[in-house]
There are 2 protein chains.
Amino acid sequence: MSERQMIILTEGNSNPHTAKTGCSILRYRPQEVVAVLDGTLEGQEVSEYLGVGEGLKFIASIDEARHANCLLIGIAPPGGKIPQSWRPIVLRAIECGMNVVSGLHDFITDDQEFVAAAEKQGVELVDVRKNDFTTIARRPGFREACFRVHTVGHDCSIGKMLTAVELTEGLKERGIDAKFCATGQTGIMLEGSGYPMDRVIADFISGAAEQLVLENEHHDVLLIEGQGSLVHPSYSAVTLGILHGSAPHALVLCYEVLRDKVTGVEHVAIPALPQIRRIFEVLSNVHQPCEVIGVSMNSRRVSEADAHVEQQRVAEKLGLPVTDIIRFGREPLVDAVIAARDRYLQALDSTQ
Amino acid sequence: MSERQMIILTEGNSNPHTAKTGCSILRYRPQEVVAVLDGTLEGQEVSEYLGVGEGLKFIASIDEARHANCLLIGIAPPGGKIPQSWRPIVLRAIECGMNVVSGLHDFITDDQEFVAAAEKQGVELVDVRKNDFTTIARRPGFREACFRVHTVGHDCSIGKMLTAVELTEGLKERGIDAKFCATGQTGIMLEGSGYPMDRVIADFISGAAEQLVLENEHHDVLLIEGQGSLVHPSYSAVTLGILHGSAPHALVLCYEVLRDKVTGVEHVAIPALPQIRRIFEVLSNVHQPCEVIGVSMNSRRVSEADAHVEQQRVAEKLGLPVTDIIRFGREPLVDAVIAARDRYLQALDSTQ
């Protein structure tokens, strides 16, 4: 994956929410991105619209970046279909000899026109969500010294992947053998491994999460990316499957300030944070002790002053460290993970 | 489906747990069953081994019931593969002109040898679990006067389908327009409709449960079959997807006396009933009020006297009506559903 020279396609959808896949690639793999394609914003600064991608301007056509070798579909909408208006863009990329990487539910490898074009040009079509995982969870018992931290949230698209990635980096900086475990298409694109949990057959979600831990338990700390929310009526099943399959020791609760309606079902209210904490702790404690150890706050919709007030409020209300990783840095949560791991290892020692 | 003359195949697996699909067909569609095939028990009474199937003896070969027009795979093991030793039996049934109905995860319609044989004979292969459901839950708002009861449990295979079917019948006897909503392969075989929730892609489980309600909300009471358990580490995702997608008003908690280890992961203990009740109520109440209104006890492993003692104990402990539907009848739970529905409709009236 290191040789990728990507065009990220966000045509007509260049905002941090819809284009979250593209934004994450721009944030964590900027050296692999040569252009962002959105003809509706041609010539404008990418960072002005996406908050990431410093120095890049939107291009309007594949032909403006012919040296790229890969087109990456930069959005992940619910239902996950390629917009009709994108088809000529994808076909042109294939004609220009580019591989196409997609994380959508609708597979590009199932699209006869794309497949025929790719075969003709000898390029690769990659569906990150495609899988045939069919193993149920068996609770084999994980390596005891492997400390598992899971990022969970009050809704989708609020920073669970970012939190897991940043905590992994922060722990590594402190000399700890940490590993980011991806559970969604964007995380898999970044890490080059993981399982697309929301695309696994329902019976096997926990099995896939368990397998993800088994493949990585030789590391000392796993940061397991969360999906959806236990209070999201559309995705709670995926959320619980990862929670029960990965059997974490600690949770980091992620939320966005001012988000109070469920994404995609905006007539449904999101419960208050203390209630969400309780729901996650009830479910994560069914089989072993686990607790929320910190809060990752996404405060992009409020001023920095308001973010400080909110940070203080939530820290007092929940009695937990709170930070906005982007604005205030990740260190309070890195500290919280290290402290929780130390407590865990001490308890483990005392029982042996 | 009314013209079916079935052979139920349980070869080497003729016990109520493994052969639960076959047992349910024998219990609720006995008029459609002409034989049960298990060569290891040839000539013995079916009811002695399965507890149902009065008057039938096990046969050893398809050729002993050539007048049948359908072979039904009577087991539903975890992982769901057809045993190698069954292949000649299935092929012989096809040769004899019988359709084959399967609820396994491994599809018979994906098996080249079965498909070729079926095409040659002009018979049908039916995979009850096969689906391409890809719609997420949208919380459209259901018909308010449609009262939804969901059967949930402390483990899998303890009577959630049976309870939903029996309560549906009991309500109909009292003149109430009730409908059984199937969520698993056996229920779908019985009812001729429903969704195989554990086979749906994870992102769409709640969507499938929601769709099941939308298709049936013209009835006055829906009895929605549960799957797995929120405390089953392998299947809790499926359980929660149905719970949040169908948004029930009332839960009937099903359990088996003496079952204290999780099926399939026997080194994991099942929590106590009050804790399970709490977990289901916490999760079912995320978006609307819902409570456990009664307990369906499966007491097959204890004497009738011990079952009475247990019934009394649980009724006092939980403050709820408790019955073993097979042993003591379904009426206490039918009463509980009617009472809960009356309370719900009164509350609905007073807000309008």
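Lettering of chains follows the sequences in order, A, B, ..., and the numbering in each one begins at 1.
Side-chain contact between A:R139 and B:V262 is absent, with no heavy atoms from C-beta onward closer than 4.5 Å.
Among the candidates B:P233, B:S206, B:G241, the residue making the largest number of heavy-atom pairs closer than 4.5 Å to chain A is B:P233. Chosen from A:V282, A:V231, A:T135, the residue pairing most often with chain B at heavy-atom distances under 4.5 Å is A:V231. Considering only heavy-atom pairs separated by less than 4.5 Å from chain B, the leading option among A:S234, A:G228, A:A209 is A:S234. Options A:I242, A:T239, A:L283 differ in how many heavy-atom pairs under 4.5 Å they form with chain B, and the most are formed by A:L283. In terms of heavy-atom pairs under 4.5 Å with chain B, the best-connected choice from A:I276, A:L243, A:V265 is A:V265.
Proximity to chain B involves both the backbone and the side chain of A:L230, based on heavy atoms less than 4.5 angstrom apart. At a 4.5 Å heavy-atom cutoff, the contact between A:V200 and chain B is made by backbone atoms alone.
Taking CD of A:Q275 as the start and CG of B:N285 as the end, the distance is 9.0 Å to the nearest 0.5 Å. Here the straight-line distance linking atom CE of B:M197 with atom CD1 of A:I201 works out to 15.0 Å at 0.5 Å rounding. Taking CZ of A:R129 as the reference point, atom CG of B:D203 lies at 5.5 Å (rounded to 0.5 Å). Interatomic distance, A:I136 CD1 to B:D198 CG, rounded to the nearest 0.5 Å: 10.5 Å.
When all heavy atoms are compared, the tightest approach of B:I205 to A:A202 is CD1-CB, 3.4 Å. In plain terms, the two heavy atoms of A:R138 and B:H267 that are nearest each other are O-CE1, 3.4 Å.
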